[in-house]
Structure formats: structure tokens, C-alpha cells
Amino acid sequence: MGHPKPVAVSGITSNYLSLHNNWNPALRETEVEDFGVGWVVFDNGARMVFKTCWCMNMDSLGGTIFLGKKAGLRVGVGEVRGPQNGVRLYGDKNGEIHDETYTEFKSVNVFHEEDSAFIDAVREGKPSPIDPYGVLLTNVIIQGVIDSSEADGREVEVIVPTL
């Protein structure tokens, strides 16, 4: 998809559970949201829904899914924990509903790989392995969710600054 620009965002954030929990009094001192959900509209017509939560009365918010015009992809199979548990591709094959599960993936420590790539870039004078424009787009979306939440979840226009 490249880097479509976000143009509008709707979202809500909350830190209710961390501030009002009964299981860890230290969490009541947090100053960061423990829950966020957003709906992002991009300039190419794509839409994205995301949810994140680090303090909840649940073991998971569910898995990651991608919905396309020709197929859908669920990351994680079974309890939908992540790619280490496989991915399932849904679509049609010869005009009939079809799905396939793929489970043969090399186990990767993503944090280690990202850190190693960054260290290598610094040592070797290579470009950053982290795309700064992608980081900018992510920050625009996060700010949009915060602004929308402050506007009671109403859609807000977002503008990507020109670099």
C-alpha cells in the first residue's frame, strides 16, 4: 500500500481501568491512557480500525485481520495470538469460498531484529531501518485519536506536515 496519508480520524481513549482498578494500586498513579481505539480514513480510500489496551479485564483484544477486496487475512490461528501461531487466508478459489492456513514460519524475535538493524545502521553509517515518514504518519494518527477523543469521538481532519 505504500504510505497513504491519513486525512481523518475518529477515536476514543481512556485510562479508567488503570485509575480505578483493585488489583494494583500503583496503576492508579498512571498518567497515560490504558485503552484506545481508532478509525482512520486515508487519501486513497482505504480505512483502518485499530484497538490497543494494556489494562483490561480480558486476556486479549483479539487478533489482527486484514480485509481486502479479493481476500482476507487473519494473523494467528486458534486463539489468535500472533503470527507464530500461523496465518489464515480467506477468499474464493474457482468461485467457491476457500481458506488456507499457513503455519510454517521461522520464529523471529522482532525486538532483537529491529535493535540489531538499528545498531548496524549506526555502526555502518547506513540509513535508518526505521522509515521516518512512517513514524510521522503514525504520530499524525495518534494525535488524531487524541484530538477526536477530546471532541467526544467525533471525526477530526488530520494534516500530514510537509517535510
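Keep in mind the model is a prediction, meaning the values are calculated, not measured.
Residue Glu155 places its CD atom among more than 12 non-hydrogen atoms of other residues, nucleotides or ligands, all under 6.0 Å distant. No more than 12 heavy atoms of other residues, nucleotides or ligands shown are found within 6.0 angstrom of CZ on Phe111. Sparse packing is recorded around CZ of Phe118, with 12 or fewer heavy atoms of other residues, nucleotides or ligands lying under 6.0 Å away.
Between the side chains of Glu100 and Tyr102, at least one donor N or O lies within less than 3.5 Å of an accepting N or O. Glu114 and His112 are not linked by any side-chain donor-acceptor pair at a separation below 3.5 angstrom, with hydrogens and angles left out of the test.
Ser149 places a side-chain N or O within donor-acceptor distance of the main-chain N or O of Thr13, the cut-off being under 3.5 Å. With hydrogens and angles ignored, the 3.5 Å screen pairs no side-chain donor or acceptor of Asn15 with any backbone N or O of Ser18. Side-chain atoms of Asp120 never come within 3.5 Å of backbone atoms of Ser116 as a donor-acceptor pair (strictly under, hydrogens ignored). With Arg88 contributing its side chain and Leu73 its backbone, the two residues share no donor-acceptor pair below 3.5 Å. In this structure, Ser10 contributes its side chain and Trp39 its backbone to no donor-acceptor pair below 3.5 Å. The main-chain N or O of Ala121 is never found under 3.5 Å from a side-chain atom of Arg123 such that the two would form a donor-acceptor pair. Of the possible donor and acceptor atoms, one in the side chain of Arg154 sits under 3.5 Å from a partner among the backbone N and O of Ala151.
The distance from atom CD of Gln143 to atom OG1 of Thr138, rounded to the nearest 0.5 Å, is 13.5 Å. To the nearest 0.5 Å, atoms CG (Leu137) and CD1 (Ile142) are separated by 11.0 Å. A distance of 9.5 Å separates NE2 of His98 from CG of Asp92, quoted to the nearest 0.5 Å. Rounded to the nearest 0.5 angstrom, Ile97 CD1 and Tyr90 OH are separated by 11.5 Å. In this structure, CG in Leu27 is found 9.0 Å from CG in Leu19, a value given to the nearest 0.5 Å. Between atom CE of residue Met56 and atom CG of residue Asn21 there is a gap of 14.0 Å, rounded to the nearest 0.5 Å.
Note on Asp43 versus Lys5: no salt bridge recorded, every NZ/NE/NH1/NH2 to OD/OE distance being 4.0 Å or above.
Counting heavy atoms from C-beta on, the side chains of Val160 and Leu136 come closer than 4.5 Å. Two residues are said to be in side-chain contact when any heavy atoms from C-beta on lie closer than 4.5 Å; Thr101 and Val87 fail this criterion. Contact of the Arg47 side chain with the Phe42 side chain is not registered, since no non-hydrogen atoms from C-beta on lie closer than 4.5 Å. With a 4.5 Å cut-off on side-chain heavy atoms, Tyr16 and Cys55 do not count as touching. Residues His3 and Asp131 have side chains in contact (heavy-atom distance under 4.5 Å, counting atoms from C-beta outward).
Shown here for Ala71 and Leu89, the closest heavy-atom pair between the two residues is CB-CD1, 4.0 Å. A pairwise comparison of heavy atoms in Pro6 and Val158 identifies O-CG2, 3.5 Å as the closest pair.
The hydrophobic cluster containing Val122 does not contain Val135, counting ILVMFWY residues as joined when their side-chain heavy atoms lie under 4.5 angstrom apart, directly or transitively. Residue Val156 is not grouped with residue Val7 when hydrophobic side chains (ILVMFWY) are merged at heavy-atom distances under 4.5 angstrom, including chains of intermediate members. In the hydrophobic clustering of this structure, Val40 does not group with Ile159; members are Ile, Leu, Val, Met, Phe, Trp, Tyr whose side-chain heavy atoms approach within less than 4.5 Å, directly or through other members.
In the hydrophobic clustering, Val37 connects to Ile12, Phe35, either directly or through intervening members, whenever side-chain heavy atoms lie under 4.5 Å apart.
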Next on the checklist: side-chain contact (heavy atoms from CB on, under 4.5 Å) for Ile141 and Met48? Distances and angles first, verdict last.
Outcome noted: CA-CA 11 Å; Ile141 292 168; Met48 176 177 71; 4.2 Å; yes
